[in-house]
Each structure stands twice: as C-alpha cells, then as structure tokens.
Amino acid sequence: MSADLATDLAAVLAGARVVPVLSVRAPATAGPLAEALAAGGATCAEVTFRTPDAEQVVKAMAAHGGLAVGAGTILDPEQAKRAVAAGAAFIVSPGFDEDVVATCRELGVPVVPGIATATELMRALRAGLDTVKLFPAETIGGLRALRSLAAPFPGVRFMPTGGIGVGQLAGYLAEPAVLAVGGSWMATPAHLDAGAYTEIRRLTAEAVEVGTP
C-alpha cells in the first residue's frame, strides 16, 4: 500500500474508532440506516457483500455524505471493482488474498485484509500493508490473541472484528495496536427488519461514547 493510501485509511479508521459492520438486505433501508448511524455519531461504516443488493446499499449510503462507507466480505477482485464503482471508500476482506490487494492498489483504494495467524500477517506485511483485520477476533482468542500477534509486529495496526459486542469494546480500544473495532451489534438485520432506527442510533451513540477518549 502506498504511503498516501495508508495515511488515508488511518485517518478514516482512527477517526472512527468504532466501525459498524452492516448486512443490509433491502436497499430501501440504506438511507434511513445511514441517517441513524450518523446521528449516533458514527463517521464510518462497512457494508458487507453478503446480500444480493450490496452494491445499491453502498451507493445509497455513500450518497448520504455523512459516512465514509467501505465494502466488506470482499472475496475476489471482481467484487472489489464492483464495490469501488458503487462508491466504497475502502475495502475489507475476511482473509488475505494477493489478487484482492493488488486490485485495490490499482484502483487507488485502501484495503484491510483479514488475518488470523502470524503467517498471514507476514504475507500482508510483504504486500506492503500495515493495517489488518483480526478475524474472527473473539473466536480465535480475543484480546489474548491480539496481544500475542501484536508483540512481534510492533508497526502493525489491527481492526479486530467478529463476535465483539459493546461489553468487549473498551478492552480492545485500550490496546495501542488497535486502530478501530468492527462490530455488527449496532445495526443488525433484525433492527432493520423492524425499522428500529431509534435503537440503532442509541446503540451507535453508546459505542461511539466508549470509543471517545
């Protein structure tokens, strides 16, 4: 990753500290969702490419203007291209894939690949990256795993994601190696199905408050 891309990514994620990770089935909910997240103080969000209309959701949320919207669960270069064309400001993947990283570099968009082992982290470093997603964070050992990986790689910054709730948030954010934390509890599919935007705003505000020094 170029120095400019790394700086841009650090600015987006460090400013956010908490990144809502969203699985949105209905594009019609994207606008109200973006409004609720922004009203709760979020400045950044990750829309997963797990749903058929993810591109439309990214486009609608990016058009809101109050959030830096990234695309997550990107599994191949074609998905990365589609996400960026839809307006994604950054790309997140569950694992490390050289082709996805290369495509993002060509497109000039920051990428945060997922890693779960020291071997994967070393591959990411060789690819010129210094920020990775620890995934699935809680399943592979939570804070103990993060500290073990961070110790021999002092220059790496982590975005732990996976199984993290508001109860674990402060512990992760207290770690010097953590740039931001991703979490899905702030806006779940159940919230969206129920139109619970007031609750999404409340949960987002609660998370943002935890992440505010």
Side-chain angles (χ1 to χ4, degrees), residues 1-2 4-13 15-16 18-38 42-116 120 123-124 127-136 159-162 179-180 182-184 186-189 191-193 200:
M1 183 185 298
S2 72
D4 287 343
L5 288 184
T7 300
D8 290 346
L9 177 64
V12 169
L13 294 184
V18 179
V19 181
V21 179
L22 314 167
S23 181
V24 185
R25 292 189 284 254
T29 64
L33 172 59
E35 185 64 35
L37 293 172
T43 59
C44 182
E46 174 190 331
V47 176
T48 64
F49 260 53
R50 298 178 184 176
T51 60
D53 296 317
E55 287 168 82
Q56 292 92 321
V57 173
V58 168
K59 192 175 204 177
M61 293 192 69
H64 177 269
L67 299 168
V69 180
T73 322
I74 297 299
L75 305 179
D76 57 55
E78 185 57 35
Q79 282 189 326
K81 292 174 184 176
R82 285 164 44 206
V84 172
F90 60 95
I91 297 296
V92 183
S93 59
F96 178 80
D97 183 275
E98 289 89 346
D99 292 338
V100 170
V101 171
T103 297
C104 290
R105 182 174 287 116
E106 291 169 6
L107 295 171
V109 63
V111 58
V112 187
I115 66 96
E120 293 166 333
R123 289 173 62 201
L129 303 174
D130 60 9
T131 301
V132 295
K133 168 182 173 176
L134 182 67
F135 180 81
M159 184 173 80
T161 307
L179 185 62
S184 59
M186 290 162 274
T188 66
H191 287 132
L192 295 174
D193 289 345
I200 289 172

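- Side chain of Asp53 to main chain of Gln56: no donor-acceptor pair is present (N/O by atom type, distance under 3.5 Å, no hydrogens or angles).
- Not counting sequence neighbours, Glu78 has no partner by the side chain to side chain donor-acceptor pair (under 3.5 Å) test.
- Looking at residues two or more places apart in sequence or on another chain, you find no salt bridge (charged side-chain N to carboxylate O under 4.0 Å, His left out) involving Glu106.
- Expressed to the nearest 0.5 Å, how far CG of Leu134 lies from CD1 of Ile115 amounts to 5.5 Å.
- Scored by the side chain to side chain contact (heavy atoms under 4.5 Å, CB included) test, Ala89 finds no partners at all (sequence neighbours excluded).
- Across Pro160 and Ala180, no two heavy atoms sit closer than the pair CD-O, 3.2 Å.
- Pairing each heavy atom of Val47 with each of Val69, the nearest pair is CG2-CG1, 3.9 Å.
- The minimum heavy-atom distance between Ala83 and Val58, with the atom names listed, is O-CG1, 4.3 Å.
- Of all heavy-atom pairs spanning Asp99 and Pro77, the tightest one is CB-CG, 3.7 Å.
- Residues Phe49 and Ala54 share a closest heavy-atom pair of CD1-CB, 3.7 Å.
- Between His191 and Thr188 the shortest side-chain heavy-atom distance falls below 4.5 Å.
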May I have the step-by-step check of side chain to side chain contact (heavy atoms under 4.5 Å, CB included) for Thr48 and Val92, ending in yes or no?
CA-CA 9 Å; Thr48 64; Val92 183; over 6 Å; no
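- In terms of the side chain to side chain contact (heavy atoms under 4.5 Å, CB included) criterion, residue partners of Val84 (sequence neighbours excluded) are, by chain and number, Ile91, Leu107, Val109.
- Listed by chain and residue number, nothing satisfies the salt bridge (charged side-chain N to carboxylate O under 4.0 Å, His left out) test with Arg50 (two or more places apart in sequence, or in another chain).
- The line from CD of Glu46 to CE of Met159 is 5.0 Å long, rounded to the nearest 0.5 Å.
- Listed by chain and residue number, Arg82 satisfy the side chain to side chain donor-acceptor pair (under 3.5 Å) test with Glu55 (two or more places apart in sequence, or in another chain).
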Show me, pair by pair, the donor-acceptor contacts under 3.5 angstrom made by side chains of residues 21-37, not counting sequence neighbours?
| from | atom 1 | to | atom 2 | distance (Å) |
| --- | --- | --- | --- | --- |
| Arg25 | NH2 | Asp193 | OD1 | 3.1 |
| Arg25 | NH2 | Asp193 | OD2 | 2.3 |
| Thr29 | OG1 | Ala26 | O | 2.7 |
| Glu35 | OE1 | His64 | NE2 | 2.9 |

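- The shortest non-hydrogen separation linking Phe90 to Ala45 is CZ-O, 3.7 Å.
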